[in-house]
Amino acid sequence: MSDARVRLLRAREALSRAEDSVGLLIRILIDACPPEGWIGLCGVRHIGWEWAERQGMDLERVLVLSPGEGTNVGQLCALLLEACDVVCLDVAELTRSECRTLAARARSLGRTLVTLRAWPGLSRAVSVAGERRAVV
């Protein structure tokens, strides 16, 4: 097998692993979102938009926020909870108190909050490929 062919196979394997690593996360978001509902993402990278759309995610009903330096991340997350039925967060800047407040707000609004980090006040953990975890 040629060197170029080996590199191509390795690249395809890496892409497949990457899709698998977000596959469960994407399914959680799609399954938790009601018909005509909205999904909000904050700080989440490497989604694979084309693949997510093929899985059934309506990209016209997805809000994506990428907080910059000095941004009040807690306030952005609170706004997403107000606007979206399902909110997925991967932000390290939140304090423990902000995490508890956002989790309580999500419950009171009937929203689904999915994070890629362990949070106090959220109900269950879902294993996602390797070290990544989604907390729902």
Side-chain angles (χ1 to χ4, degrees):
M1 191 177 307
S2 72
D3 192 40
R5 179 86 173 136
V6 170
R7 285 194 312 269
L8 178 61
L9 288 174
R10 286 184 184 153
R12 285 182 178 162
E13 288 173 6
L15 180 59
S16 178
R17 283 191 307 273
E19 284 183 345
D20 289 344
S21 73
V22 297
L24 177 60
L25 174 61
I26 295 298
R27 286 294 349 144
I28 289 170
L29 300 178
I30 293 169
D31 292 346
C33 192
E36 305 302 314
W38 285 81
I39 296 173
L41 306 169
C42 185
V44 179
R45 295 181 206 103
H46 312 297
I47 286 295
W49 296 109
E50 185 178 332
W51 185 82
E53 184 176 40
R54 285 195 316 257
Q55 297 304 307
M57 184 180 277
D58 182 356
L59 299 184
E60 292 182 5
R61 293 185 165 277
V62 176
L63 297 175
V64 179
L65 300 178
S66 297
E69 195 172 312
T71 303
N72 184 335
V73 178
Q75 189 175 21
L76 284 179
C77 296
L79 289 172
L80 274 178
L81 282 172
E82 293 289 331
C84 300
D85 302 285
V86 178
V87 175
C88 182
L89 307 175
D90 188 13
V91 288
E93 301 85 0
L94 295 173
T95 67
R96 192 170 176 85
S97 174
E98 287 174 316
C99 291
R100 282 192 305 269
T101 301
L102 289 169
R105 186 74 178 141
R107 279 191 296 274
S108 72
L109 291 170
R111 307 293 197 230
T112 300
L113 181 59
V114 178
T115 74
L116 298 179
R117 301 167 189 274
W119 273 36
L122 294 182
S123 59
R124 61 182 180 236
V126 179
S127 176
V128 178
E131 298 176 17
R132 301 180 92 190
R133 293 170 50 94
V135 181
V136 183

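Residue numbers start at 1 and run along the sequence shown.
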So, for R27 and Q55, which heavy atoms are closest and what is the spacing to 0.1 Å?
-> NH1-O, 2.9 Å
Audit row: V87, L102, side-chain contact (heavy atoms from CB on, under 4.5 Å) steps and yes/no | CA-CA 11 Å; V87 175; L102 289 169; over 6 Å; no
Of the non-hydrogen atoms in V91 and G43, which two are nearest, and what is the gap between them?
-> CG1-CA, 4.2 Å
Scan D85, D31, V86 and name whichever one has a side chain to side chain contact (heavy atoms under 4.5 Å, CB included) with T112.
-> V86
Spacing of I26 atom CD1 and C88 atom SG [to the nearest 0.5 Å] | 8.0 Å
Straight-line distance of R107 CZ to L113 CG, nearest 0.5 Å | 9.5 Å
Return the minimal non-hydrogen interatomic distance between P67 and L65, and the atom names on each side.
-> CD-O, 3.5 Å
For the student: nearest non-hydrogen atoms of C33 and W38, plus distance | SG-N, 3.7 Å
Hey, are the side chains of L81 and C77 touching, using non-hydrogen atoms and a 4.5 Å cut-off?
-> no
Taken to the nearest 0.5 Å, the spacing of L116 CG from L25 CG works out to 5.5 Å
If you take all heavy atoms of G40 and L80, which pair is closest and at what distance?
-> CA-CD2, 3.9 Å
Please tell me if the side chains of L29 and L41 come closer than 4.5 Å, counting only heavy atoms from C-beta onward.
-> yes
Which value, rounded to the nearest 0.5 Å, describes the distance between I28 atom CD1 and I39 atom CD1?
-> 11.5 Å
Is there a side-chain contact between R117 and D90 (heavy atoms, below 4.5 Å)?
-> yes
In terms of hydrophobic clusters joined by side-chain contacts under 4.5 Å, are L89 and L79 together?
-> no
Do the side chains of V64 and I47 get nearer than 4.5 Å, heavy atoms only?
-> no
Could you grab the distance from atom CG of L76 to atom OG of S66, nearest 0.5 Å is fine?
-> 10.0 Å
May I ask you to decide whether E82 forms a salt bridge with R111, counting only side-chain N to carboxylate O separations under 4.0 Å?
-> no
To the nearest 0.5 Å, how far apart are CD in E53 and CD in E60?
-> 8.5 Å
